[in-house]
Amino acid sequence: MFSKILIANRGEIACRIIQTAHRMGIRCVAVYSDADANARHVAMADEAFHIGPAPSSESYLRAEKIIEIAKESGAQAIHPGYGFLSENTGFAEACEANDLVFIGPPSSAIAAMGSKSAAKAIMEKAGVPLVPGYHGDDQSPETLRAEAEKCGFPLLLKAVAGGGGKGMRVVENMGEFDDALAAAKREAKNAFGNPDMLIERYLTQPRHVEIQVFCDQDGKGVYLAERDCSVQRRHQKVLEEAPAPGLSEDTRKAMGEAAVRAAQAIDYVGAGTVEFLYDVDGSFFFMEMNTRLQVEHPVTEMVTGQDLVEWQLKIAWGEPLPLAQSEVKTRGHALEARIYAEDPDHDFLPATGHLRYLSTPDESAHVRVDTGVTEGDDISIHYDPMIAKLIVWDETRDQAINRMVQALENYRIAGVKTNIRFLHALADAQPFREEDLTTGFIDTHRDLLFPKSKLDTHKALVLAAGFVLEERKSSEPASTDPWSPFGRRNSWRMNSEYAQPLQLQVGEEIHDLKILERDDRYQVFVGDSVYNLTARLDDDYLQAVINGHRISVHGNLYKDQLVLFYEGDTFQCSVYRETYGFEDMSGEGSLEAPMNGAIVAVQAKVGDKVIAGQTLVIMEAMKMEHAIKAPADGVVSEIFFGEGDQVSEGAELIAIEVSEEEAE
Ligand code: MV4
């Protein structure tokens, strides 16, 4: 077996590959761009090499540089993961030419699947079912018209050079044909530099069912069951599962055997996926073959109990297939949801930002999380916005769906917009439970997938108040001195006539809450209503009883931003500074370093009385000076840095105690 491999990828798939390689005793070399210096895949690897700036074209796509590093580091093989260089024939060839094993198929097999028409010709010869239609070289309008007549309507024009849904056009009747053909050719010429078209009968309610295949270097092949990936949005898979619901054993076998024939027809080696369109009547047709390990491979691992990366490594090393076809068994049902940094409420626009809070479900035999990020990482514009894959398994599909719903509720992220709530609605939607799986699922059931908030506003505000109050309590010094500078809180605690105000802003709206506290119970006044509240905060977990309703939420309070997590949904508000207390104030007047930099001057000493707005510390960063000012009147109690010190963003620079008068 290899003793050292290089992983030419990043993110979750790089981590996933390293995990198996390490389990097999193989050392791993990672590569990373400027943006990934502190990334999880770099930390997990045994060693890592910097390969360039953040853009992929200058880093993860630099074939020559990566090969040079592989040789320099003594790696014997390169695993390309998916995306980037994984289906690049030039890269596969360059590996071979440099005595490095490309952990993937021969470049000739990648090339054979590059053209849709050539691929169809090969598949036809291998006896793999094709959608009726035309995939010939003669592209004259007369021939295409005649073939369209033969095919019947509706038909689909597909660009020969297209893929992933690009360059397709539905034609309903002969009257539309000429215009549609001209437009499709123009589009294809612009997009792919090749105007050639295929004609196919258009299936109106298809499902996407794909077969996982493996071939060894002796040309033996097996299939590892199928995956249903019908739930897609703009040709992006969203939920995947194995096995495909409702597929008969006969169809499964016929599809699996067709997929192995497809792979063998192009002398395939390693892991591949043959995609089929599956029609309501049980018929299936070859769509395309992906010559790499796919994003959704974990659902196959969960139902077969096999590690597909281990299979890839063994085959690349020259070993035979780990199992014969008769030894491949499946059990139960697995689902995968792709958690993306994106905004479902704004047409799923990719989101970026800082993962300031990240809490993932506990992993078990039922729940698996494949991710490349950790709390504190940034989601940048440079790469795919996938944050993680959440994979669940159970004996039945229905139980697996319940597991998915539960696991999504325990996947909590603050700082970056995600599709978690959307995935939760999707997995929990009745039509999904009822296996209404066609490629139009998301468009058809749009109204179910953007649900109203699960918490009514008042309840959410009361929970928010409970979280803020309890968090404040836990961060308060354990002082029982009634004359302590934290007099404001003592005053209303001792004398219930003083109601504590709390302003919470939700969207554009500001809610003025009033809170009374007696014997560790609160009364929260919201509008004309009053709520009895008891609350207990344990780290990020709030257990509350509101008017007799026991309810729990998780939350994250960062500066003035509070996010509560409840049944897959989030409630966000900002806490007005004036009503929140001093310790967590931020922004202007913050006593934290606003960025990495150096201390230029400290203009106060311990014990100094200072007034709000007075400059206490001057920092320099990127050749600019920044004044750190007192946010309120008070006395300097501690100074953490001196002139010339380097400080990191967020570091506390100076502490002041607020005067009693100020706090009132
Ligand atoms: C089709 C089809 C219906 N009839 N071909 C989309 C991606 C590309 N690889 C093939 N695609 C389709 N081909 C015929 N003859 C419908 C689709 C299709 C689709 C397929 C799989 C998953 C999602 C899809 C979404 C829209 C259309």
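Order of listing sets the numbers, starting from 1, for every ligand and every atom in it.
Annotation for ligand 1: atoms under 4.0 Å from non-hydrogen atoms of His208 are 21 (C), 22 (C). Less than 4.0 angstrom separates some heavy atom of Leu156 from each of these atoms of ligand 1: 1 (C), 2 (C), 4 (N), 5 (N), 13 (N), 14 (C), 15 (N). Close contacts of ligand 1 with Arg201, meaning ligand atoms under 4.0 Å from a residue heavy atom, involve 4 (N), 14 (C), 15 (N). Close contacts between ligand 1 and Tyr202 involve ligand atoms 3 (C), 4 (N) [criterion: under 4.0 Å to a heavy atom].
Geometrically, ligand 1 and Gln232 share no nitrogen or oxygen pair separated by less than 3.5 Å. For the pair Lys158 and ligand 1, the shortest N or O to N or O distance falls below 3.5 Å.
In the model, Thr273 has a side-chain atom that pairs as donor or acceptor with a side-chain atom of Arg227 under 3.5 Å. Residues Ser107 and Glu93 bring a donor and an acceptor atom of their side chains to less than 3.5 Å of each other. Side chains of Thr291 and Glu87: a donor on one and an acceptor on the other come within 3.5 Å. Side-chain atoms of Ser248 and Asp250 include no donor-acceptor pair closer than 3.5 Å.
Using modelled atom types, one side-chain atom of Asp216 and one backbone atom of Asp218 make a donor-acceptor pair closer than 3.5 Å.
For the side-chain hydrogen bond (donor to acceptor under 3.5 Å, both in side chains) test with Asp36, the passing option among His41, His382, Arg10 is Arg10; the others fail.
Nearest protein heavy-atom contact of atom 10 (C) of ligand 1 is Met287 SD, 3.4 Å. With respect to atom 17 (C) of ligand 1, the closest heavy atom belonging to the protein is Met168 CE, 4.2 Å. Of the protein's heavy atoms, His235 CE1, 3.5 Å lies nearest to atom 26 (C) of ligand 1. Shortest contact from atom 9 (N) of ligand 1 to any protein heavy atom: Glu288 OE1, 3.1 Å. Looking only at heavy atoms of the protein, atom 19 (C) of ligand 1 is closest to Thr439 CG2, 3.9 Å. In terms of protein heavy atoms, atom 16 (C) of ligand 1 is closest to Pro206 CG, 4.0 Å. Closest protein heavy atom to atom 8 (C) of ligand 1: Gly165 N, 3.9 Å. Nearest protein neighbour of atom 3 (C) of ligand 1, counting heavy atoms only, is Leu203 O, 3.3 Å.
Under a cutoff of 6.0 Å and an axis angle of 45°, Arg397 and Phe432 form a cation-pi pair.
At a heavy-atom cutoff of 4.0 Å, ligand 1 is contacted by the side chain of Leu277 but not by its backbone.
Relative ring orientation between Phe422 and Phe450 is described as tilted, the plane-to-plane angle lying within the 30° to 60° band. Under the 30°/60° scheme for interplanar angles, the aromatic rings of His366 and Trp393 are found to be tilted.
In this view, Glu172 satisfies the side-chain hydrogen bond (donor to acceptor under 3.5 Å, both in side chains) rule with no residue, not counting sequence neighbours.
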